[in-house]
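Protein chains get the first letters and strands the later ones, always in sequence-line order, with residue 1 at the start of each. In this text, all values refer to a predicted model and were calculated from it rather than measured experimentally.
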Protein chains: 2
Amino acid sequence: MTQIAKAVGVSSATVSNALSGKGRVSPKLVDKIRATAAELGYVPSNAGRALRTGRSNVLGLVLPDISNPLFPQIAQAMETAASNAGYGILIADSRGDVSTQTHAIARLIERGVDGLIIIPRRGTRIGSVNCPVAMVDTPSTPGNTVSADHWEGGEKIARHLLDLGHQNFLFVGHDPASNVQNDRIGGMKSALGNTNHHQTIWVETLVREQGDKTSLGLIDHVNSGVTAIATTSDLHALRVLTELQTAGIKVPDQVSVTGFDDLIFSSVVSPALTTVHMNMTRIAEIAIAALTDEIEATKAHTQKIHDKNGTADQQTVKADTSKVSMELMVRASSGPAVSPATPNPNGETL
Amino acid sequence: MTQIAKAVGVSSATVSNALSGKGRVSPKLVDKIRATAAELGYVPSNAGRALRTGRSNVLGLVLPDISNPLFPQIAQAMETAASNAGYGILIADSRGDVSTQTHAIARLIERGVDGLIIIPRRGTRIGSVNCPVAMVDTPSTPGNTVSADHWEGGEKIARHLLDLGHQNFLFVGHDPASNVQNDRIGGMKSALGNTNHHQTIWVETLVREQGDKTSLGLIDHVNSGVTAIATTSDLHALRVLTELQTAGIKVPDQVSVTGFDDLIFSSVVSPALTTVHMNMTRIAEIAIAALTDEIEATKAHTQKIHDKNGTADQQTVKADTSKVSMELMVRASSGPAVSPATPNPNGETL
DNA sequence: GTAAAATGATTAATCGTTTAACCAGTAAAA
DNA sequence: TTTTACTGGTTAAACGATTAATCATTTTAC
């Protein structure tokens, strides 16, 4: 910037004003400065700016479980939204461990992030941090900034199966401690009403008790009359689908299978999975907007107070819209229910 | 830091020296400074440090296709390795588009990253950038810093199938323009020798010609004697597996199916996929080490020269080890070959 | 006993940007 | 003509850390 100033013959303050458009600089001079800046290949120093303004224009993205297959979608959406708002995304992985997560957050803070986006898992408590935090979990979680309306997603998929004539359901979830999973299953149950039969199994519980390679015991359930298996994740839907297919049970002819999240593989398997799609792009935009708004506000506030200890009680950022509708993706894995009276046409008895 | 200096009654330079351990400070004073630093909750300002030292301690991770299902593994491994080396990871997504990628790289540079890790896709050319670049692609790519030994992975999986008695192979790749895919298939072919029959189909070509939902036409291949279908990705293996199962072809009884990458779902489908696992942790460690070494070297070099234009010819960073062995994961989707003489027991003729 | 060397700390400059405060002109208003 | 207001710019002080240069002391060496 000093170089530009020297080249044009003005002070560096004028260059700054010209480039930022803040002060009063004559139009001709602005053009001249812009031109020489481009000519000299000027790249603003983020460090200098960050030092002066106290803001790094970087947000931290904290994922308790980075191996989550939904992560690519999340990261992509967040990166795009942040980039559009002039922010970069610094990632932190806490591998599901709480202490590692605390550590990861601390590292991000030390790096000077202006805000945090946290995708919590289970009952993660966010320790008090002195920067704005957007939390993306599920609408029923206290402090949730924005997320997909998992409950509504559950309702949609259950109604779809009801419309197909199903009356006997099996829900497959991963982990009863997850807010998201509970909302999804809650939504499904609420759509079912009292007249339909349903049970729930949790994969993690089975795996913990019977090992990684455990069968989900789906054949018994099918033989006992279940015609629709609704899972809380495409990953489980895939497990269910292949387990059924291996057992010779036809999907969707004998049993319908549904997933959640519309993961990358959902549309390429046979039969393609009926699932619920999450508008991650919109969720990311809302989260980032809420965060940047708060950052701006904090800045203005700090200018007057100039004492950060006074604002330590802030929890998570609020957004205008806190839930984003999910979209039902009807594909080949769901079909009309076979009459419960009809015995299993395959005669498979295990 | 000034506060600490004032509190202890020394100059801020002494505080800096005490905390960094660089200058000469008496042990007692070091202890005292450390104590007051902790007491005051001192967090070093990255901006200040970055401004003075010219290094941000942040690396950029560029992924041309962030929706790649391998991304979680990559991101996690890179983040951990970088974190251990004292660096943060700023992500950039270029959504497969070349111009977007150039833009993304420029953004990272502007943010002041000290180095770049680039996972290229297809024949991506890295434009000259004035910071160290580590490229993770495949050993046969010029400029590759480190990657999995995809060729060897192909050999391993082909030998595994050969050991099971297979003689008629179908290779399923995504895209003939990918270096990684070509190496994988190249390795498989080289292990086969001349006595075994093989063909290759490319999914992207089929999708482009016949639409997204196209069948891979596997049944024809199976009927014509193929007993082993080896894919270059678990995603394709999954597609193959479910397409076969839907058609009533038993895996692995009639046909063996193998994948690549050991993606998250590979072990939970039925039958679990035989695949090749990539030691991403090690790859990340090597890449980050090569990058940080170069950063250190550049720093030392710059101190003397102090003219960055002179070092513009550097391409990508070199590592001691440029390929990391892949591990064969034998699971349930591969089994002994049925005799090619035996007609298809299912009698399925399409 | 004096020169040389090591010790432990300080000074002050520097990185690049922003911004409040100030100033010299010129134009409009009284 | 004097006062007021605006215009287009400059000055200089931050922001927080690092580090070369310097300076008293004290220790060691010959």
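Taking NZ from B/K22 and OG from B/S16, the interatomic distance works out to 8.5 Å, rounded to the nearest 0.5 Å. Separation of atoms CD (A/E285) and CD1 (A/I283) is listed at 10.5 Å; rounding is to 0.5 Å. A/L90 contributes atom CG, which lies 14.0 Å from atom OH of B/Y87 (distance to the nearest 0.5 angstrom).
Results of the side-chain contact (heavy atoms from CB on, under 4.5 Å) test with B/L291 over B/I117, B/I286, B/T145 single out B/I117 as the only residue that passes.
Salt bridge annotation for A/R34-A/E39: absent, with no cationic side-chain nitrogen under 4.0 angstrom from a carboxylate oxygen.
Protein atom NZ of B/K22 is 15 Å distant from nucleotide atom P of D/dA17, rounded to whole Å. A straight line from CG of A/L19 to P of C/dT17 spans 9 Å, rounded to a whole angstrom. Nucleotide D/dG8 holds its C1' atom 11 Å from the CD1 atom of A/I33, rounded to whole Å. Straight-line distance from the CG atom of A/N57 to the P atom of C/dT17: 14 Å, rounded to whole Å. We find that CG of A/N17 is positioned 10 Å from P of D/dT10, with the value rounded to whole Å.
The shortest side-chain heavy-atom distance between A/V317 and A/V133 does not fall under the 4.5 Å cut-off. The side-chain heavy atoms of A/D137 and A/I118, taken from C-beta on, include no pair separated by under 4.5 Å.
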List, with names and distances, any nitrogen or oxygen atoms from the protein found under 3.5 Å away from nitrogen or oxygen atoms belonging to nucleotides 13-16 of chain D.
residue	atom	partner	partner atom	Å
D/dA14	N3	A/R52	NH1	3.4
D/dC15	O2	A/R52	N	3.3
D/dG16	N2	B/G48	O	3.0

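At a threshold of 4.0 angstrom between heavy atoms, the contacts of B/S26 are confined to the sugar-phosphate backbone, with no base atom among them. Within 4.0 Å of B/V15, counting heavy atoms only, lies no atom of the nucleic acid at all. B/N46 comes within 4.0 angstrom of nothing in the nucleic acid, heavy atoms only.
Environment of CZ in A/R107: crowded, with over 12 heavy atoms of neighbouring residues, nucleotides or ligands closer than 6.0 Å. Around the CD atom of A/Q3, the shell of radius 6.0 Å holds no more than 12 heavy atoms that belong to other residues, nucleotides or ligands.
Across its full length, the helix from C/dG1-D/dC30 to C/dA30-D/dT1 shows an angle of 40° between the axes of its 5 terminal pairs at either end, rounded to 10 degrees.
For B/T14, the listed nucleotide lying nearest its side chain is C/dA9; candidates were C/dA12, C/dA9, C/dT19.
Sequence order on DNA chain C of the closest nucleotides to A/R24 and A/S16 puts A/S16 first from the 5' end.
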